[in-house]
Amino acid sequence: MFPARQTVFILCLVLAAVSFVLMLSVSVHFVWPLIVFAGLSVVGLLDLTQTRHSVLRNYPVVGHFRFLFEAIRPELRQYFFESNQDGKPFSRERRSMVYDRAKNIEDVLPFGTEQDVYDGSYSWVNHSVCPRRHADEDFRVTIGGPDCKQPYSASLFNISAMSFGSLSANAILALNTGAKRGNFFHDTGEGSISRYHREGGGDLVWELGSGYFGCRAEDGGFDPDKFAKQAADPQVKMIEIKLSQGAKPGHGGVLPGAKVTEEIAEARGIPLGQDCISPAGHSAFSTPVELLQFVKTLRDLSGGKPAGFKLCVGHRWEFMAIVKAMLDTGIKPDFIVIDGAEGGTGAAPVEFSNRLGTPLRQGLSFAHNCLVGAGLREDIKIGASGKLISAFDIAGTMAIGTDWVNCARGFMFAVGCIQSQSCHTNKCPTGVATQDKKRQEALVVPDKAARVANFHANTIKALQQFTAAAGFAHPREFRPEHFYVREGQREIMPASAALTWLHPGALLEDGHTIPGYSTYWMMAQADSFDPAHTVADVKAMQNPHRGHH
């Protein structure tokens, strides 16, 4: 007797035999069921003899349904079972908000919030009993420190770093055209400036990663002449060094030669069809002082345009080492962008996405405090990125230290992304994250460019109203005491109490003992990213008589 788990396979064999007999004795039309059942029988025989999948060996034919259902599981959840608050990394409610704003549809929420306002992760901003009349201005911030000759007036809401190559040509063109129309900037990502960025005509922040694309020497290092030529383009408004990104901090990459098309080779300045390596770290500098010298070099070569760097906060002493180098050299970046560990990417190792790097709220407040404590904050602007797509996201983040916000996945939604999470497969169903020419044709640039501009404009409009309801004239007036979070099930605390906040110059005072700061400050050294002391050594220095009673 055959095992019960092979019932379907045995039935296929029997029905194939019956169909064959009926085809010969009754009607030639029984050839069709014969083809079906004979085909399934062959599949079952192959299942029994293959060695790769245990499920198929034990359950020939029917075992394939397991792989089918697994393949369509995300679509089943998204379209049939997902509630408005489900869905990761963005809920259906948040995605719908972007879609509505991009399409200029009124984004109202009937019958009250579906958020659990007593959940431990819930946060909010308090309103005023004396709300202001909301301003109609396009909120902006001027970026550029004392050494900057070409300061830039940026919107408070901009397109975060996404490279051509990761995104399709049509997606880049739609994003940049929308940025031009809405007067906000578009970060190129480390893939450099492509023909599609130039065609759109929108303001660009040129991001330099460890591959130095767009200004890459033959040995893979930095070429100052190539940089100066490209940075002189009036479309380039700021220069950003990428030290790390939230989705995969400390991770390099390899672009296989098969993916280095003519357009990508042109944008990145690399040989056509050859493997291209982006190291995990930079070759242009290896110490905090050298990093700041590189910032100064980029600022000078670009004719005085704002230059800064982006990072996801990791070891605290490393960021403090950069701050100490600013004090020692007098060189200050014009801006720093803090990327949260909740940031996204086309593909990253699970451990990197889930368990590496500091979340935005903690990383941002730490960086802000370090600059305040060192007396440098007034000359350096801070940007923030990491799942920030709404007016509340902007206001709440500004309350804890940022000057503006960058958004990547929100603008991806605006150009048609449906969060299928197939970015790494080259089979994006909406033509956003693919280099497949046919799939890209689904993304119609004029329509999606209008949606990009609409999403920005409607988000800024919501920010105007949100700010006015809190009683303020400008979002810069939000402070930590206006942003509330839950601490456990019962405690409600403003961020001013929930987080540590340093007063100006606090880190320059003698003998300070600030939890979470003083120990790392003593470990940091301007001439190296390595710690000068261990935590244990610093603790011993701070408490010399401890253990000698």
Treating [X] as the side-chain partner and [Y] as the backbone partner, does any N or O pair qualify as donor plus acceptor under 3.5 Å?
| X | Y | answer |
| --- | --- | --- |
| S192 | R268 | no |
| S163 | S166 | no |
| D328 | A325 | no |
| Y152 | V205 | no |
| S278 | G211 | no |
| N369 | T500 | yes |
| D187 | S160 | no |
| Q150 | G303 | yes |
| R140 | S153 | yes |
| Y99 | I105 | no |

Can you measure from [atom1] ([X]) to [atom2] ([Y]) and round to the nearest 0.5 angstrom?
| X | Y | atom1 | atom2 | result |
| --- | --- | --- | --- | --- |
| T459 | L156 | OG1 | CG | 12.0 Å |
| K296 | L301 | NZ | CG | 9.5 Å |
| K448 | L175 | NZ | CG | 11.5 Å |
| T467 | F478 | OG1 | CZ | 4.5 Å |
| K332 | L371 | NZ | CG | 10.5 Å |
| Q421 | Q419 | CD | CD | 5.5 Å |

Salt bridge present between [X] and [Y] (N-O < 4.0 angstrom):
| X | Y | answer |
| --- | --- | --- |
| D300 | K305 | no |
| D447 | R451 | yes |
| K242 | E190 | yes |
| D334 | K381 | no |

Checking side-chain polar atoms at under 3.5 Å, does [X] have a donor or acceptor matched by the opposite partner on [Y]?
| X | Y | value |
| --- | --- | --- |
| H282 | S210 | no |
| N176 | Y196 | no |
| T434 | N426 | yes |
| T358 | Q362 | no |

State whether the number of non-hydrogen atoms from other residues, nucleotides or ligands found under 6.0 Å of [X] atom [atom1] is greater than 12.
| X | atom1 | value |
| --- | --- | --- |
| E477 | CD | yes |
| R476 | CZ | no |
| K226 | NZ | yes |
| Y520 | OH | no |

In terms of relative ring orientation, are [X] and [Y] parallel, tilted or perpendicular, with 30° and 60° separating the classes?
| X | Y | answer |
| --- | --- | --- |
| F185 | W404 | perpendicular |
| H482 | F472 | tilted |
| F184 | F411 | parallel |

Establish, yes or no, whether a centroid distance under 6.0 Å links the rings of [X] and [Y].
| X | Y | answer |
| --- | --- | --- |
| F309 | F294 | no |
| Y517 | F366 | yes |
| F139 | H474 | yes |
| F529 | F285 | no |

Task: Results of ring pair (Phe, Tyr, Trp, His ring centres under 6.0 Å) for H533 - residues two or more places apart only - done: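 Residues passing ring pair (Phe, Tyr, Trp, His ring centres under 6.0 Å) with H533: none at all.
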
Open item on the list: Could you report the tightest heavy-atom contact between L167 and Q435, atom names first, then the distance?
Closed with: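 Smallest heavy-atom distance, with atoms named: O-NE2, 3.0 Å.
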
Open item on the list: Measuring only between side-chain heavy atoms, which start at C-beta, is M162 closer than 4.5 Å to I159?
Closed with: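 Result yes, sub-4.5 Å side-chain heavy-atom pair found.
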
Task: Heavy-atom check, side chain of P89 versus side chain of K387, under 4.5 Å - done: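 Sidechains of K387 and P89: in contact.
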
Task: Row check, W206 ring normal vs K237 NZ/CZ: under 6.0 Å, within 45° - done: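 The answer is no, since K237 fails at least one limit relative to W206.
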
Open item on the list: Can you confirm if the NZ or CZ of R101 lies within 45° of the ring axis of F413 and under 6.0 Å from the centre of its six-membered ring?
Closed with: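 Geometry flag: not set, cation outside 6.0 Å or 45°.
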
- [ ] Tell me, with the steps shown, if R95 and D100 meet salt bridge (charged side-chain N to carboxylate O under 4.0 Å, His left out).
- [x] CA-CA 9 Å; R95 298 196 308 270; D100 289 348; over 6 Å; no

Task: Full working for side chain to side chain contact (heavy atoms under 4.5 Å, CB included) between D527 and T287 - done: CA-CA 6 Å; D527 57 357; T287 68; 5.5 Å; no

- [ ] Start with the C-alpha gap between H456 and S155, add the side-chain angles, then the distance that decides, and say whether side chain to side chain donor-acceptor pair (under 3.5 Å) holds.
- [x] CA-CA 10 Å; H456 176 270; S155 171; 2.9 Å; yes

- [ ] Step by step, work out the side chain to side chain donor-acceptor pair (under 3.5 Å) result for S365 and H368.
- [x] CA-CA 5 Å; S365 61; H368 168 78; over 6 Å; no

Task: Derivation and outcome, salt bridge (charged side-chain N to carboxylate O under 4.0 Å, His left out), residues R198 and E266 - done: CA-CA 13 Å; R198 299 186 192 283; E266 173 190 78; over 6 Å; no

